[in-house]
Structures are given as C-alpha cells and as structure tokens.
Amino acid sequence: QVQLVESGGGSVQSGGSLRLSCEVSVYTYMGWFRQAPGKEREGVAAITKTGTTNYADSVKGRFTITQDNAKNTMYLQMDRLNPEDTAMYYCAAATSVSSNWWLLRVTDFGYWGQGTQVTVSS
C-alpha cells in the first residue's frame with residue numbers, strides 16, 4: 001500500500017515563501033497538484049525518480065520541486081507567492097512507468113495525499 005504524508009502549507013503574504021513536503025513509501029514519479037474553490041485540480045510540478053522535472057507555466061521560475069531519495073520525500077519550494085496561488089495543494093505519486101508523467105494530468109497519478117492548504121493574502 002502506497003502512503004503519502006504531507007506537511008507544510010499555511011498562510012503567507014504576497015511575495016512570501018512556503019515549503020511543502022511529502023513523504024511517500026514507494027514511487028516512480030511524483031507530483032504536486034492544487035485545487036482552488038470552484039476550480040478543477042491542476043498540475044503544478046512533477047519529478048521522476050531520476051530527478052527530471054516539469055512545471056506548469058504559471059509557476060515556472062517561482063516554484064522548485066526536489067526530492068530526497070534517501071528519505072523518500074518530495075519537496076515543493078514556493079517563492080514569490082501571489083494570491084492566485086491560494087489553493088489546497090496535494091501531493092501525488094505513481095508506481096508504474098509512464099512516458100506521460102510530464103503532462104501533469106490527474107489521471108496519471110494513482111495515489112494522493114490528504115491535501116494541505118496554502119493561503120496567500122495581498
């Protein structure tokens with residue numbers, strides 16, 4: 001059974017930073033998604049076991065996804081946050097190999113964390 005344990009999140013003013021963490025028991029690739037009220041869940045960033053990354057255009061240059069393989073933990077460093085980043089953030093993982101991991105599609109990830117709220121005030 002794949003388990004994901006998220007931590008981090010919180011409230012910050014516009015321009016501030018936050019870091020999310022997600023510990024996972026096993027994976028081939030992982031990602032971060034977010035969902036704002038009334039909107040669909042959208043992909044933010046993803047990373048493979050070998051360290052290849054991809055980002056949504058809306059967060060490129062502001063967010064950084066990393067992993068610590070020794071700790072089976074993935075991180076999302078979020079800098080220069082703005083109110084549009086306010087959402088529930090979810091970590092997700094897959095245990096199969098897929099050439100589509102970089103598309104940041106919800107359907108390509110089979111395991112999900114419980115979500116952590118990020119609120120950015122102006």
Side-chain angles (χ1 to χ4, degrees):
Q1 175 128 7
V2 178
Q3 294 183 327
L4 293 87
V5 180
E6 295 182 32
S7 60
S11 297
V12 66
Q13 289 191 328
S14 186
S17 298
L18 286 172
R19 190 176 84 154
L20 307 180
S21 301
C22 179
E23 184 177 351
V24 62
S25 53
V26 62
Y27 68 99
T28 53
Y29 57 92
M30 297 183 67
W32 289 98
F33 289 74
R34 66 187 182 185
Q35 187 166 18
K39 295 188 176 181
E40 293 186 354
R41 190 169 298 190
E42 63 174 0
V44 174
I47 188 167
T48 67
K49 197 78 171 181
T50 57
T52 305
T53 61
N54 192 42
Y55 297 90
D57 288 342
S58 59
V59 305
K60 279 181 181 177
R62 300 188 300 120
F63 291 11
T64 304
I65 187 171
T66 58
Q67 64 187 350
D68 184 332
N69 288 334
K71 297 181 179 179
N72 277 352
T73 300
M74 173 180 66
Y75 305 96
L76 185 68
Q77 177 66 39
M78 303 183 292
D79 298 318
R80 304 202 318 267
L81 285 160
N82 59 62
E84 290 70 40
D85 297 314
T86 295
M88 185 71 78
Y89 282 70
Y90 299 89
C91 70
T95 57
S96 58
V97 176
S98 173
S99 59
N100 295 326
W101 67 270
W102 60 275
L103 292 173
L104 300 176
R105 299 183 305 194
V106 170
T107 52
D108 290 319
F109 294 79
Y111 302 92
W112 295 84
Q114 76 281 8
T116 185
Q117 179 67 38
V118 171
T119 302
V120 185
S121 58
S122 57

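From a predicted model like this one, the values you see are computed outputs, not experimental measurements.
Using a 4.5 Å heavy-atom cutoff, the side chains of Glu6 and Gln114 are in contact. For the pair Trp32/Met78, no side-chain contact is recorded, criterion being any heavy-atom separation below 4.5 Å from C-beta on. Looking only at side-chain heavy atoms (C-beta outward), Tyr55 and Thr64 come within less than 4.5 Å of each other. A 4.5 Å side-chain heavy-atom check between Ser21 and Lys71 finds every atom pair outside the cut-off. Side-chain atoms of Asp68 and Thr66, non-hydrogen and from C-beta on, never get closer than 4.5 Å to each other. The shortest side-chain heavy-atom distance between Val26 and Tyr111 does not fall under the 4.5 Å cut-off. Side chains of Asn54 and Trp101 form a contact here, defined as non-hydrogen atoms less than 4.5 Å apart.
Side-chain heavy atoms closer than 4.5 Å link hydrophobic residues (I, L, V, M, F, W, Y) into clusters, and following such links, even through other members, never connects Val118 to Tyr75. Met88 and Val59 fall into different hydrophobic clusters, where Ile, Leu, Val, Met, Phe, Trp and Tyr side chains are chained together by heavy-atom contacts under 4.5 Å. Linking ILVMFWY side-chain heavy atoms closer than 4.5 Å, directly or via other members, places Trp112 and Tyr27 in two distinct hydrophobic clusters. Under the 4.5 Å side-chain heavy-atom criterion for Ile, Leu, Val, Met, Phe, Trp and Tyr, Tyr90 and Val106 are members of the same hydrophobic cluster. Hydrophobic clustering of Ile, Leu, Val, Met, Phe, Trp and Tyr side chains at less than 4.5 Å, counting indirect connections, unites Ile47 with Val44.
Of all non-hydrogen atoms in Ala93 and Val24, the two that sit nearest each other are CB-CG2, 4.0 Å. Across Ala87 and Arg34, no two heavy atoms sit closer than the pair CB-CB, 3.8 Å. Among all heavy-atom pairs drawn from Leu76 and Ala45, the shortest one is CD1-CB, 4.3 Å. Pro83 and Ser14 make their closest contact through CD-OG, 3.8 Å (heavy atoms, listed as atom of the first residue, atom of the second, distance). Between Arg80 and Arg62, the shortest heavy-atom contact is O-NH1, 3.0 Å. Looking at every heavy atom in both residues, Val2 comes nearest to Leu4 through CG1-CD1, 3.9 Å.
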Could you walk me through whether Met30 and Ile65 pass the side-chain contact (heavy atoms from CB on, under 4.5 Å) check?
-> CA-CA 10 Å; Met30 297 183 67; Ile65 187 171; 5.9 Å; no

Yes or no on side chain to side chain donor-acceptor pair (under 3.5 Å) for Ser17 and Asp79, after CA distance, side-chain angles and deciding distance?
-> CA-CA 4 Å; Ser17 298; Asp79 298 318; 2.7 Å; yes

I would like to know whether Thr50 and Tyr29 meet side-chain contact (heavy atoms from CB on, under 4.5 Å); could you show each step before the answer?
-> CA-CA 9 Å; Thr50 57; Tyr29 57 92; over 6 Å; no

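Checking side-chain atoms of Thr28 against main-chain N and O of Ala94 turns up a donor-acceptor pair under 3.5 Å. Thr119 places no side-chain N or O within donor-acceptor distance of the main-chain N or O of Thr86, the cut-off being under 3.5 Å. In terms of modelled atom types and a separation under 3.5 Å, the side chain of Asn100 and the main chain of Leu103 share no donor-acceptor contact. With Gln3 contributing its side chain and Ser25 its backbone, the two residues share no donor-acceptor pair below 3.5 Å. Without hydrogens or angle criteria, Glu42 side chain to Leu104 main chain gives no donor-acceptor distance under 3.5 Å.
Phe33 and Phe109 have perpendicular rings, their planes meeting at more than 60° on a 0 to 90° scale where under 30° would count as parallel.
Between the CD atom in Gln67 and the CE atom in Met74 there is a gap of 9.0 Å [rounded to 0.5 Å]. Note that CG of Leu18 and CG of Asp85 are 10.0 Å apart. Values are rounded to the nearest 0.5 Å. Separating the CG atom in Leu20 from the CZ atom in Phe63 is a distance of 8.5 Å, to the nearest 0.5 Å. Interatomic distance, Ser11 OG to Gln117 CD, rounded to the nearest 0.5 Å: 7.5 Å.
Within a 6.0 Å radius of CD in Gln13, no more than 12 heavy atoms belonging to other residues, nucleotides or ligands are found.
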